[in-house]
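These notes are about the structure you will find just below.
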Amino acid sequence: MALSRRRFFQGAGALTLLAGRLPVPALAQPAPAGDIPPILLVHGNGDHAALWMTTLWRMESNGVPRERMAAINFTDPLARADDKVEQAGRSSTEDQRRALAEAVRELKQSSGAARIALVGNSRGGNAIRNTIKNGGGDDISHAVLCGTPNHGVYASDDGLGNEFNGRGPFLRGLNDGDSEVTAGTAFLTLRSDGLDKYAQADGRFIGKPGTPTNVTTEGPALKGATNLVLGAVDHRETAYHPRAFREIYRFVAGREPSRIEIVPETAVRLSGLVTGTPGGVPTNRPVPGAVVDIYRVSAETGERLGGPLHSSQTGADGRWGPAQVAPSWPLEFVLTSPDAVTTHIYRSPFPRSSEIVHLRAARPMLPADAGAGAIVLMSRPRGYFGLPRDIVLFDGKEPSDVKSGVPTDAVTTLRLAAAEVGRPVAAIFNAERIVMRAWPASENRIAVAELTY
């Protein structure tokens, strides 16, 4: 059935930022063991576990114990062009199925639960369906598929080997039969009301403007599932928006969440992985020998307030940390990785602890960067910039490289003259505001304002 809930929360950041201005609400009591199944979160194509950070924080703020949740980090998160043809740095549907099955086994073992819930965004939903249908259904109580292209990003006789082709063998195998879900597991699909770039009738969002995709905005829905329309959310927001959190929680827990806002902790510990992009391909392979330095910075100027709070070098496992910070501190992460640009990552305060503060170096210098004194980026990993839906201001202006209409862009770039090196640059997305400093490009440095919400 299709249920339409179109009321849209304007800006995920507004809900969390309010928590710092109003009296902090009491944390919900932990749910009784077994009341809510353990939850395993599954990221999408090219992404990593860190995208689920705010979801985990919201779950914890509703009393779900941290140790009963996990977020998988696929080693090679990008899909192959042809699922059956090996491709360096990319994974097949079978690679993902095996990795997810192992993560399910580990969470069941650590939690002692007989069954767990799976929640996936985009390609992560493909891995969930494949795992459940091909031998793992007895382990899974609930499956939530957020923006998953269940009937393809396109459906064509061209490129039948592609995982995202609705006419290809992979999706036809998953969708075969009167019901498109596996009996014994409760399925929920979450989709956008027209703003998901991978559920569009025209192929312009996959590089084929004017060519019909033969899919519609209803492509993520499944026969036999509860199918819910969230409203004007984009492809990633179907999973990471507070609106999506509410539906994920109430489906898995069987009741409304007691709150949507994130409750801050008094002390925050941060750690994560440094991962690489060999040949420009995003992977979750660890980078040894990378140095992570963390500074507290001014919310108004981006200037450092004292020396480093933390400094560590990654070993073979690529892990950095842990670092101790306060939940009210804006931070600058300086990532120095072998053979990569030095990346200054500016972040809003972390209200709660996290072990998935995963870091990747910024993209390398491009020909278009030649002659620039400084390169600064504004990045939104958990969604896209939607104009005119969102307030998007970069250094006081609406970015010219962000397209209006269906949200498609998650990064915007600003190039500054040499005389502007060192000055503050403000990045604003709805209620979230990050101020960074412009570092000299001549020193192979790039600054990034990475939005949390």
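Salt bridge status for R304 with D293: absent, with no side-chain N to carboxylate O gap under 4.0 Å. By the 4.0 Å N-to-carboxylate-O rule, R382 lies too far from E237 to be salt-bridged with it. A salt bridge is defined here as a Lys NZ or Arg NE, NH1 or NH2 lying under 4.0 Å from an Asp or Glu carboxylate O, and K197 with D234 fails to meet this definition. Looking at R433 and E300, a side-chain N of the basic residue comes within less than 4.0 Å of a carboxylate O on the acidic one, giving a salt bridge.
With 3.5 Å as the limit, one finds no donor-acceptor pair spanning the side chains of E450 and S379. At a cut-off of 3.5 Å, with distance as the only test, no side-chain donor of R97 or N134 sits close to an acceptor on the other residue.
A 4.5 Å side-chain heavy-atom check between V392 and P399 finds at least one atom pair inside the cut-off. Two residues are said to be in side-chain contact when any heavy atoms from C-beta on lie closer than 4.5 Å; L414 and L416 meet this criterion. Under the 4.5 Å side-chain criterion, counting only non-hydrogen atoms from C-beta, R389 is in contact with P407. Considering only heavy atoms from C-beta on, I140 comes within 4.5 Å of V104 through its side chain. Two residues are said to be in side-chain contact when any heavy atoms from C-beta on lie closer than 4.5 Å; W52 and L40 fail this criterion. Two residues are said to be in side-chain contact when any heavy atoms from C-beta on lie closer than 4.5 Å; F245 and P257 meet this criterion. R380 places a side-chain heavy atom less than 4.5 Å from the side chain of F429. A heavy-atom distance below 4.5 Å is found between the side chains of L190 and V144.
In this structure a side-chain-to-backbone donor-acceptor pair under 3.5 Å is missing from E332 to Y346. A donor-acceptor contact shorter than 3.5 Å is absent between the side chain of T185 and the backbone of T182. At least one donor-acceptor pair under 3.5 Å links the side chain of S91 to the backbone N or O of D76. When atom types are taken as modelled, the side chain of N130 and the backbone of A127 share no donor-acceptor pair closer than 3.5 angstrom. The closest donor-acceptor contact from the side chain of R259 to the backbone of S61 lies under 3.5 Å. The backbone N or O of V334 lies less than 3.5 Å from no partner atom in the side chain of H344, so there is not a single donor-acceptor pair. A donor-acceptor distance shorter than 3.5 angstrom exists from the side chain of H43 to the backbone of F74, with no hydrogens or angles considered. Checked by atom type and distance alone, the side chain of D196 never pairs as donor or acceptor with a backbone atom of T217 at under 3.5 Å. Between the side chain of R250 and the backbone N or O of R255 there is no donor-acceptor pair closer than 3.5 Å. At least one donor-acceptor pair under 3.5 Å links the side chain of E180 to the backbone N or O of K223.
For F251, the ring-ring contact (aromatic ring centres under 6.0 Å, His included) criterion is met by H142, not counting sequence neighbours. A search for ring-ring contact (aromatic ring centres under 6.0 Å, His included) contacts involving W329 returns nothing, not counting sequence neighbours. For E102, the salt bridge (charged side-chain N to carboxylate O under 4.0 Å, His left out) partners at least two apart in sequence or on another chain are R105.
Here the rule is side-chain contact (heavy atoms from CB on, under 4.5 Å) with R363, and of T277, T343, I375 only I375 fits it.
Other residues, nucleotides and ligands contribute at most 12 non-hydrogen atoms within 6.0 Å of the CG atom of D138. Residue-environment remark: CD (E218) stays at or below the threshold of 12 foreign heavy atoms within 6.0 Å.
The two atoms that bring D401 and T413 nearest to each other are OD2-N, 3.0 Å, heavy atoms only. A pairwise comparison of heavy atoms in F164 and P149 identifies CD2-CG, 4.0 Å as the closest pair.
One distance of note links CG of N73 with CD1 of I356; it measures 8.5 Å at 0.5 Å rounding.
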Apply the test salt bridge (charged side-chain N to carboxylate O under 4.0 Å, His left out) to residues R129 and E163: give CA-CA distance (whole Å), side-chain angles for both, the deciding distance (0.1 Å), then the verdict. CA-CA 13 Å; R129 295 184 68 198; E163 176 181 340; over 6 Å; no
Begin with the C-alpha distance, continue with both residues' side-chain angles, and end with the deciding distance and a verdict on salt bridge (charged side-chain N to carboxylate O under 4.0 Å, His left out) for D47 and R236. CA-CA 11 Å; D47 291 332; R236 285 180 174 165; 3.0 Å; yes
